[in-house]
Amino acid sequence: MKSKPRVAVFDFTGCEGCELNKLNFENHLLDILDHIDIVEWREAMDDQVAEYDIAFVEGSISTPDCVERIFDIRNRTKVLIALGACAVNGGMNAMKNKQSLDTVREIVYGEDKDLFPTLPALPLSSYVTVDYEVHGCPMTQKEFLQLLTSILAGKKPVKPDYAVCVECKLDENECVYGKGMICMGPITRAGCDALCPSFGQYCIGCRGLVPHPNKEAMINILIENGLSIDDAEKRMDLYNSNEKDVVLI
Amino acid sequence: MIKTVNIKPENFKELYFPTLAEITEVQQFTEKEKWYKLSLLDGSNLGHYPGQFVEVSIFGAGEAPISITSAPNSYGSFELCIREVGMFTEMIHKMKAGDKLGIRGPFGQGFDVNELYGKDILIIGGGIGIVPLRSLINYILDHRQDYGRLIITYGARNSKDLLFPEELELWQSNPDVEFHQTVDYGDESWKGNVGVITTLIPPLDLDLKNTIACITGPPIMYKFVLLTLQSKGLQDDNIYMSLERRMKCGVGKCGHCQINHSYVCQDGPVYHYPDLKLIREAI
Amino acid sequence: MKQNLDIKVKHLTRVEGHGNIVVNMNSGKLEKAQLEIVEAPRYFEAMLKGRSFHEAAIITSRICGICSLGHQITSLKATENALGLEVSNQTILLRKLLIHGALIQSNILHAYFLAAPDFLNAGSVFPLINTHPDVVVRALRMKRLANDIGDIISGRAVHPITPVPGGFTKIPSEADLIEIKRRLIEEALPDVNATVETMQALAGAIPNFTRETEYISLKNDNDYAMYDGKISSTDTGLYPDSEYLKITNEFIVPHSSSKHAKNNRSSYMVGALARFNNNHDKLLPEAALAAAALGLVAPNYNPYMNTIAQVVEVAHAVYDSINIIDTLLNDGLKNEKPNQSPTKYGTGISVTEVPRGILFHEYSYDRQGRITAANCIIPTGQNLANIDDDMKKLVPEIIDEATEEIIHKLEMLVRAYDPCISCSVHIVDVEFVE
Amino acid sequence: MNGYYLSQENVKDFISHLMKKKTVYAPHAKADHSFVFEEVVDADNVILDYVRTLNSIKKYFMPSREVMLRYNLDDNSYSIEDVEPVKGIFLGVHSYDMQAVLRLDHSFSHGNPEKNYLTRRLDNIFIGTSFTPDNFHFSSSVNIQPHKTEGFDLFMHKTDRGYVLEEVTKTGSDLMKGFDQLTKFHGEYPNSEHFKSHLYAPQEKLSKVFEESYDNPVWHEIAQKCVGCGTCNLACPTCYCFDVEDHVDLSLQSGSRERRLDSCMLRGFTEVAGGEVFRDRLADRIRHRVYRKFKYISDSAGEPWCVGCGRCTIYCTAGISIVDIVNRLVSDYDKKQIVQDSDMIAAWD
Ligand SMILES: Cc1cc2nc3c(=O)[nH]c(=O)nc-3n(C[C@H](O)[C@H](O)[C@H](O)COP(=O)(O)OP(=O)(O)OC[C@H]3O[C@@H](n4cnc5c(N)ncnc54)[C@H](O)[C@@H]3O)c2cc1C
Ligand code: SF4
Ligand code: SF4
Ligand code: SF4
């Protein structure tokens, strides 16, 4: 039998929900461990090693210390995988990028603001090459496992490039716009199986935008449904402050 | 009232069920292109025409439409040439002789070899476009007396990207074949033409009435080749070309390859140019 | 006696978030014994400003993936208080059930995956898969059930979906509840007993260390307070929600990106042990028996026993969940729409117990229902000063042990608090009133 | 064929009667204000007086997700998923959804008759109900009246006090055997309803309009508002494009090939390796969709492929209406005709 790939797990600025989600794979954890060796994972174990085949990295880069560590991890690993919104596009952390960082720090620490250095919250890919990404806040178990099995089967993983609305239709959900909610599904990248609308809640856009989104049209929808321009832009920014791509009309 | 064909269950077709084939030979042509020889495990003949394609499947990876590059034969083998560009093609590039694949097809309309009967054939192949054309070339060589002149023009990005190196030499040395090749970018080792494929066409001395041009290449090539042929005076009626589109089913259901009213997997990939002109999105 | 000691544990493992343990003893004088918090702050206060009341809980749930449900419920309660939104009894029961689910999952995760390896001298839970497979499988099964409670009722155990201001966007079906109850009875009850036995066997590895301190938690007359009640201090008595700032008195220290807190003394403790010390008489009988079996008697001043208190709480939560489901089924589930019509716009405070201790959220809203001020005070932040104080007492007591043993005991001590560093750092007490 | 009065009070018994014969699928309430077709477990839960269901009954013949093949990676063995005929009674189907099924029948039987779809279509019984058009239905504009019985075996015409039940086929009359709470109906079946939404061109004219509309600026204008989410295709009862993907199981030993409904409004629909997208402009995708409903297939099949259900419009979050688009094309076409005619008159002068 082939030797198992050596896997390490790291976290940067984020809520560690994606990491926790892995410990939540109760039904599959033992199956996974049949195929991989977890060699480093600060949140769950003491060991540290010099090199690994696959590094799963959660969180965004937001301090000088983070920058150093992510370069170091990239140097030690063959494959680097960004887990969750923070690592993939900066996630919610990136909301702060819209304000001056000094202001932000002052809001929080007042006079002591210089004690704690901060940088704009950016995805891993702003600093190093990222091989694969698992979107979502938090990422879903299904997609993580699909990615892992793809890689283990030697197959390049593919991720959805269409909107959450698609999955809503496939699941025959009632659209939440019909009950006065304002949903980000139309331009949010699918993959979660339209989780929130399936539970009667609107999509907040946690998986980032589809490639080439029509942002102007989306903002229009938000305004047509009762948000002010200011609120519409805020809603767009919740998870997408770093997303720059636009559609070809 | 909708015209529904009233069909019986015995006529329903298992459209998505592949048959197994074994890779019998692999050859690496370039960094990104490999050539495969396969035989169906049930011993049957593929039974294709030049220009047709098959859906190749690797379990766990999916399916991809791939042109058949060999000429029809009766001894149960066929050949593919595949460029590594993405998920599926990466997987197939890892496979070796003895490995097994699924095959569906052959599908689509190829080059109508009866329509070409007795004509001079002008082959224009850009890059990987030579793959389906090679099937036609070898078919013509197998039935040499049925056709007039065989003029092959072939262009690649650079000399390292030229496919079927041994065959190119055979065609070059065959007195019955007029062979011209060019590369977009030359280097020290390259002694031949340098320039895009359209530069090969003006010098050709063609019997315009009796010449049929068969074109396959990357999408951007078509516009320029057509302009060049038109300025040479070749009638649209004398032009056939093969298109590429995204495809999933190969049998006219999944909708991906549709251009206006036409399904490339059914009406194409090889089109008669006058028909293609009616399809506005095609080129 | 040893005169010099220099310990620096960078990025302590098996805790949530990034912290370093630093101890310095110079010529017999303890210069430093502290937990440095080096987690990168995320500036949630800045993210909340100007957001609509619909989004407050969605954002604060992202403070921490581990306590996401706790933050969410606490945030919803604060918003409801600020906007005058009444919620139904059914909503409260479902929320209590969710809180139990989250507590079971969190306490099990801590006891089995993060703390147990210490008792067994293992570096992580992974070697235990081979040495103690039945224990690991049991832990996974308990966690799965707890997470399923979250998944089924709130859509997703991490960053829940259905709880919104005024109620739920979707109510579970009766069949869902019946199935959860079946699993609680058939799987969880035997697992709880087995867990108590396992912990009994491991309890010998718990260091014998005590330091009396102030214990703060919620308290009420009806139950083992988790969802609501008054703030209760073992030193200074009961306080209403509105006086939470009198208790927490946060201050900034240079070695921590999270603020520290103190009330009557230089520090106080929150969490399972604090709850137990305050509310042990409200435990369900089965949980009280578990406490007795594990030798946990109130008041208990050994911080290492926090892990044991967590196990006792798991027993309580499992039995109480069954009771809650029975009540819900007896009353009949009603398909209620969330009440989202504000009757006022002002400031709302809420206090909830989450697995790691008492949690405070406060928001102010303008007339458009947008946040103008926010403040959240997190359990781990409140425990940090207490951890430092414990270390200062512990180090001299064990100074003659081998350095590795000292490090091990210090790491165990910090872990016993089950600290959630992400939380403590990401929210820091400030108001951004303009 | 006979007709009967079926009073409101007898509907439940009628459904119970049907349930004894075969599995019955009928509209049920879903979430706050929507309807879906579901298997009937309790006749009480069936709602025959509904506006439209979220998805049409297409989902029973072409499920939105479907495993096509299972395989074993160790030995390359594979097997096709067994497809079973649905063999159900579909109760309370609106005429436009029945017409949509007939169109799908055409698509799946022409050229290569597809086993998966056609097998599921075998041996089903369809019972229609008339409907009161809302602001979004416009099926009468494509020749589909609410009382159109084509494709049905029985038809329930809604009246003030219940239904008039019309036997349409022999299968339909056989189904009535053993149900005797009926009085014979003699008279004319109702046959029209008032529609609020219309296409302003008869069918013959539409085909001409579409010949002239390829370069109409409307495609580009709509593209400014459209988010390209694919909802319009996925909700449409006559859309059937699909994508296929392979999945490997966690065991790494087996896997499956799955097809999933797709949408030509999605950018990735025409994307090929290397990143080339053949309909990259949103405007081109919108045009393709609308042409597929009114021209590409219709030219050869003889009917519009849009059945006027209104789903694509009511579910469009950007508020784009296919009726408005078509009517805009019609009015631009008319204007052009007037200009051409007046040019001709001018030339005569
Ligand atoms: C009629 C026809 C004949 C072809 N003949 C050959 C040939 O002889 N040799 C060769 O190397 N290539 C040929 N191709 C192109 C080949 O099918 C694609 O390169 C291949 O599908 C890419 O798949 P991938 O997974 O490696 O790429 P990815 O970019 O990873 O593919 C992603 C997805 O897009 C689809 N896709 C991507 N590109 C194409 C494409 N060009 N056509 C259809 N679907 C696509 C795939 O189905 C896949 O699902 C032909 C294509 C067509 C339509
Ligand atoms: S609920 Fe949201 S994701 Fe679903 S269809 Fe409506 S807009 Fe799209
Ligand atoms: S529906 Fe939206 S917010 Fe919910 S999980 Fe999916 S992408 Fe995230
Ligand atoms: S195009 Fe729109 S109105 Fe027409 S059938 Fe499809 S969904 Fe219904």
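Reckoned from all heavy atoms, side chains included, excluding hydrogens, waters and symmetry mates. Per chain, numbering begins at 1; letters A, B, ... match sequence-line order.
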Kindly indicate, with the supporting measurements, whether the criterion side-chain contact (heavy atoms from CB on, under 4.5 Å) is fulfilled by A:T149 and D:D249. CA-CA 7 Å; A:T149 44; D:D249 302 337; over 6 Å; no

Heavy-atom distance under 4.5 Å to chain A: side chain of [X], backbone, both or neither?
{"X": "D:L266", "value": "side chain"}
{"X": "D:R65", "value": "side chain"}
{"X": "D:S34", "value": "both"}
{"X": "D:D246", "value": "both"}
{"X": "D:K30", "value": "both"}

Taking side chain as everything from C-beta outward and backbone as N, CA, C, O, which of these in A:P186 sits under 4.5 Å from a heavy atom of chain D? Side chain, backbone, both or neither. both

Chain D heavy atoms under 4.5 Å from A:K215: which part of the residue, side chain, backbone, both or neither? neither

If you count heavy-atom pairs under 4.5 Å between each of A:G178, A:C183, A:A217 and chain D, which one has the most?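 Heavy-atom pairs under 4.5 Å are most numerous for A:A217.
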
Leading residue by heavy atom contact count with chain D [cutoff under 4.5 Å; candidates A:V166, A:V158, A:D161]: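 So the answer, after comparing A:V166, A:V158, A:D161, is A:V166.
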
Test item: A:E174 side-chain N/O and D:H33 main-chain N/O as donor-acceptor pair under 3.5 Å: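 Yes, because the side chain of A:E174 sits within donor-acceptor range (under 3.5 Å) of the backbone of D:H33.
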
Using only atom types and a distance under 3.5 Å, with no angle test, would you say the side chain of A:D31 pairs donor to acceptor with the backbone of D:S251?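 No; zero donor-acceptor contacts below 3.5 Å.
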
Can you find a pair of side-chain heavy atoms, one from [X] and one from [Y], that are under 4.5 Å apart?
{"X": "D:E221", "Y": "A:I249", "result": "no"}
{"X": "D:L252", "Y": "A:H35", "result": "yes"}
{"X": "A:L248", "Y": "D:L282", "result": "no"}

When rounded to the nearest 0.5 Å, the distance separating OG1 of D:T317 from CE of A:M184 is 11.0 Å

Can you tell me how far the CD1 atom of A:I221 sits from the SG atom of D:C226, to the nearest 0.5 Å? 8.5 Å

Do D:K59 and A:E172 meet the salt-bridge criterion of a basic N to acidic O distance under 4.0 Å? yes

How about NZ on A:K78, more than 12 heavy atoms from neighbouring residues, nucleotides or ligands closer than 6.0 Å, or not? no

